[in-house]
Q: 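Below is a structure I'd like to ask you about.
As the structure lists them, so they are numbered: ligands from 1, and atoms in each ligand from 1.
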Amino acid sequence: MLETSFLAKKFSNPTVLASGILGVTGAGMNRVIDQGCGGITIKSVSLEPRTGHPNPTMIGQKHFFINAVGLSNPGVIEAIEEIKKFRTLSNAPIIASVFAGTPEEFGEVTKQICEAPINFLEVNISCPNVSTEFGDPFAYSIPAVQIITKKVKENANVPVIIKLTPQAWNVAEIAKAAESAGADAICAGNTISGMIIDVRSRKPILHNKQGGVSGPALFPVALKAVYDIYKTVNIPIIGTGGITTGEDALAMIMAGATLLGVGSAVYYEGEEVFKKITDEMEVIMNEEGIQSLEEIRGAAHT
Ligand SMILES: Cc1cc2nc3c(=O)[nH]c(=O)nc-3n(C[C@H](O)[C@H](O)[C@H](O)COP(=O)(O)O)c2cc1C
């Protein structure tokens, strides 16, 4: 009932682990698959290892989660080893994720990660937490998105997914630009920039002061981004942002998503959340007489 085809690859269900959440070791990724997740996105990796920002880097509150991890990662060489380990444990689809500071570095990290046994490559051009180092995310600029997309496509041997920010007011136009530069799919999207202040100390709580907001509060923002992008492009979309329930998941599909990224919900509800979401989807589908996800994809547009 939930089996999904994404760029000709079969997923047992449309949920995928969003980048940055547990997708670091092969064993950890396999555990998430065992818990009912349909596919994995690895934590974004760069050419060189990065330590990221000092603590505190994340905090969860009732309606939202905020993080400024700062793209800490073990670097592309280590990531390739972990992906190989995952492949010895599971045949589930795996999406690698990369980020870099320049188009040339994007080309190089793409070339290297594509030596790993991956199914797709996601390109993170939308992290809001590293602007002091890298400037504004590329995902705000149509020319930058086109340059990066072309560079990655020249160097990739798997389909390329461009990860955008729903914070860009013209996210649909940006998605169109990525499509015309050769993107095979869009992920919409990343966290959006925010902050929290501790009233007693009168200071921002995160060491980085600002961070990326995710979790339930992001859901309607991500949903609208997916809805707008679906109207504009002909390539599939991974809807990501605040999905916590089966109802959220089905709404995202009705907006036009093919796959569903799930991140913060894992912090709130544990790895069992994938099964919880897919069970809830099936209950609603049975109640509503929906036979397949294909039947309702983009249904909110008619
Ligand atoms: C702690 C944390 C780390 C993240 N790291 C990455 C990352 O490395 N690369 C990336 O593309 N997105 C990263 N994200 C963003 C998520 O992949 C996702 O797009 C976002 O959190 C919205 O989904 P959610 O509300 O389900 O968490 C991170 C999110 C969190 C909470």
Side-chain angles (χ1 to χ4, degrees), residues 14-24 29 32 37 39-46 49-53 55-61 63-76 79 95-100 106 109 113 120-130 134 137-139 148 152 160-167 171 186-194 206 208 211-223 225-226 237-245 248-249 251-252 257 259-269 271 273-274 276-277:
T15 64
V16 290
L17 179 71
S19 179
I21 325 285
L22 303 174
V24 179
M29 297 188 244
V32 178
C37 179
I40 296 292
T41 315
I42 72 163
K43 166 96 187 136
S44 298
V45 292
S46 45
R50 284 172 54 87
T51 44
H53 295 312
N55 283 322
T57 56
M58 59 177 98
I59 181 162
Q61 300 209 341
H63 301 295
F64 65 86
F65 197 88
I66 186 163
N67 91 85
V69 170
L71 293 173
S72 63
N73 77 89
V76 65
I95 305 169
S97 171
V98 290
F99 80 96
F106 264 108
V109 73
I113 198 85
F120 305 97
L121 179 63
E122 188 169 276
V123 186
N124 178 7
I125 50 169
S126 44
C127 179
N129 305 325
V130 287
F134 297 109
F138 295 120
I148 306 283
V152 170
V160 168
I161 304 157
I162 301 294
K163 184 164 182 180
L164 299 180
T165 170
Q167 199 153 22
V171 67
I186 298 293
C187 176
N190 218 312
T191 56
I192 61 175
S193 185
L206 296 175
N208 189 50
V213 177
S214 58
L218 183 60
F219 179 70
V221 179
L223 189 68
V226 169
I237 306 165
I238 307 179
T240 307
I243 297 173
T244 311
T245 65
D248 297 341
M252 209 38 122
L259 294 180
L260 307 164
V262 177
S264 303
V266 179
Y267 287 102
Y268 288 110
E269 305 203 28
E271 295 162 12
V273 75
F274 295 97
K276 191 207 84 158
I277 290 173

Q: So, do Leu164 and Ile125 sit near enough that their side-chain heavy atoms are less than 4.5 Å apart?
A: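 Leu164 reaches Ile125 side chain to side chain.
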Q: Can you confirm, on distance only, whether ligand 1 has an N/O atom lying under 3.5 Å from any N/O atom belonging to Ile243?
A: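 N/O-N/O distance under 3.5 Å: no.
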Q: Counting non-hydrogen protein atoms only, what is the nearest one to atom 21 (O) of ligand 1? Give residue, atom name and distance.
A: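 Answer, as residue, atom name and distance: Ser214 CB, 3.3 Å.
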Q: Evaluate Thr240 for polar contact with ligand 1, using N/O atom pairs at a separation under 3.5 Å.
A: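 No; the residue has no nitrogen or oxygen that sits under 3.5 Å from a nitrogen or oxygen of the ligand.
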Q: Do Ser264 and ligand 1 have an N or O pair less than 3.5 Å apart?
A: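 In this structure, Ser264 places an N or O atom under 3.5 Å from an N or O of ligand 1.
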Q: N/O to N/O below 3.5 Å, does that happen between Val69 and ligand 1?
A: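 No: no nitrogen or oxygen of Val69 is under 3.5 Å from one in ligand 1.
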Q: Would you call Pro216 a ligand 1 contact, heavy-atom distance under 4.0 Å?
A: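 In this structure, Pro216 fails to qualify as a contact of ligand 1 - no heavy atom is under 4.0 Å.
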Q: Which ligand 1 atoms are under 4.0 Å away from a heavy-atom of Gly215?
A: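 So the atoms of ligand 1 that pass are 25 (O).
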Q: Please indicate whether any nitrogen or oxygen in Ala18 is less than 3.5 Å from any nitrogen or oxygen in ligand 1.
A: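 It does not: no N or O of Ala18 is found under 3.5 Å from an N or O of ligand 1.
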Q: Please assess Ser19 against Thr41 for the test side-chain hydrogen bond (donor to acceptor under 3.5 Å, both in side chains), listing each intermediate value before the final yes or no.
A: CA-CA 5 Å; Ser19 179; Thr41 315; over 6 Å; no
Q: Counting heavy atoms only, which of Asn67, Val24, Leu71 comes nearest to atom 30 (C) of ligand 1?
A: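 Selected option, by shortest heavy-atom distance: Asn67.
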Q: On the 0 to 90° scale, with breaks at 30° and 60°, tag the Phe65-Tyr267 ring pair as parallel, tilted or perpendicular.
A: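 Ring orientation, 0 to 90° scale: parallel.
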Q: Which of the numbered atoms in ligand 1 are under 4.0 angstrom from any heavy atom belonging to Gly189?
A: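 Every atom of ligand 1 under 4.0 Å from some heavy atom of Gly189: 19 (O).
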Q: Could you check whether any side-chain N or O of Asn190 sits under 3.5 Å from a backbone N or O of Ile192, counting only pairs where one atom can act as donor and the other as acceptor?
A: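 Between the backbone of Ile192 and the side chain of Asn190 there is no qualifying donor-acceptor contact (under 3.5 Å).
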Q: So, the side chain of Ser72 versus the backbone of Gly70: is there a donor-acceptor pair under 3.5 Å, distance only?
A: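 Not a single qualifying donor-acceptor pair exists.
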Q: Give the residue and atom name of whichever protein heavy atom lies nearest to atom 3 (C) of ligand 1, and the separation in Å to one decimal.
A: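 Result for atom 3 (C) of ligand 1: Gly20 O, 3.6 Å.
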Q: Relative to the heavy atoms of Asn124, which atoms of ligand 1 are at a distance of less than 4.0 Å?
A: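 Here the atoms of ligand 1 in question are 9 (N), 10 (C), 11 (O).
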Q: Do Asn208 side-chain atoms and Leu206 backbone N/O form a donor-acceptor pair below 3.5 Å?
A: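 Judged by distance alone, no pair lies under 3.5 Å.
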Q: Can an N or O of Ser44 be found at a distance shorter than 3.5 Å from an N or O of ligand 1?
A: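 Among all N and O atoms of Ser44, at least one is under 3.5 Å from an N or O of ligand 1.
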Q: N/O of Lys163 under 3.5 Å from N/O of ligand 1, yes or no?
A: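 In this structure, Lys163 places an N or O atom under 3.5 Å from an N or O of ligand 1.
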Q: Could you walk me through whether Ser46 and Asn73 satisfy the side-chain hydrogen bond (donor to acceptor under 3.5 Å, both in side chains) test, starting with their C-alpha distance in whole Å, then the side-chain angles of each, then the deciding distance to 0.1 Å, before giving a yes or no?
A: CA-CA 7 Å; Ser46 45; Asn73 77 89; 2.9 Å; yes
Q: For ligand 1, which atoms, with element, lie under 4.0 Å from some heavy atom of Leu218?
A: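 Listed by number with element: 22 (C).
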Q: Give a yes/no on ligand 1: does Phe99 have at least one heavy atom closer than 4.0 angstrom to it?
A: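 Distance cut 4.0 Å: Phe99 fails for ligand 1.
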Q: Closest non-hydrogen protein atom to atom 8 (O) of ligand 1, residue and atom name please, with distance?
A: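 Result for atom 8 (O) of ligand 1: Lys43 NZ, 3.0 Å.
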Q: For Cys127 and ligand 1, answer yes if some heavy atom of the residue is under 4.0 Å from a ligand atom, otherwise no.
A: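 Checking ligand 1 against Cys127, which is what was asked, there is no heavy-atom contact under 4.0 Å.
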Q: May I ask you to identify, for Ile21, whether its side chain, its backbone, both or neither come under 4.0 Å of ligand 1 on a heavy-atom basis?
A: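 Contact part for Ile21 vs ligand 1: side chain (C-beta onward).
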Q: How far is atom 26 (O) of ligand 1 from its nearest protein heavy atom, and which residue and atom is that?
A: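 For atom 26 (O) of ligand 1, the nearest protein heavy atom comes out as Gly263 N, 2.9 Å.
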Q: Which heavy atom of the protein is the closest neighbour of atom 16 (C) of ligand 1, given with residue, atom name and distance?
A: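 Among all protein heavy atoms, the one nearest atom 16 (C) of ligand 1 is Ser19 O, 3.4 Å.
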Q: What residue and heavy atom of the protein are closest to atom 20 (C) of ligand 1, and at what distance?
A: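 It is Thr191 CG2, 3.7 Å.
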Q: Looking only at heavy atoms of Gly242, does any of them come nearer than 4.0 Å to an atom of ligand 1?
A: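 Contact present.
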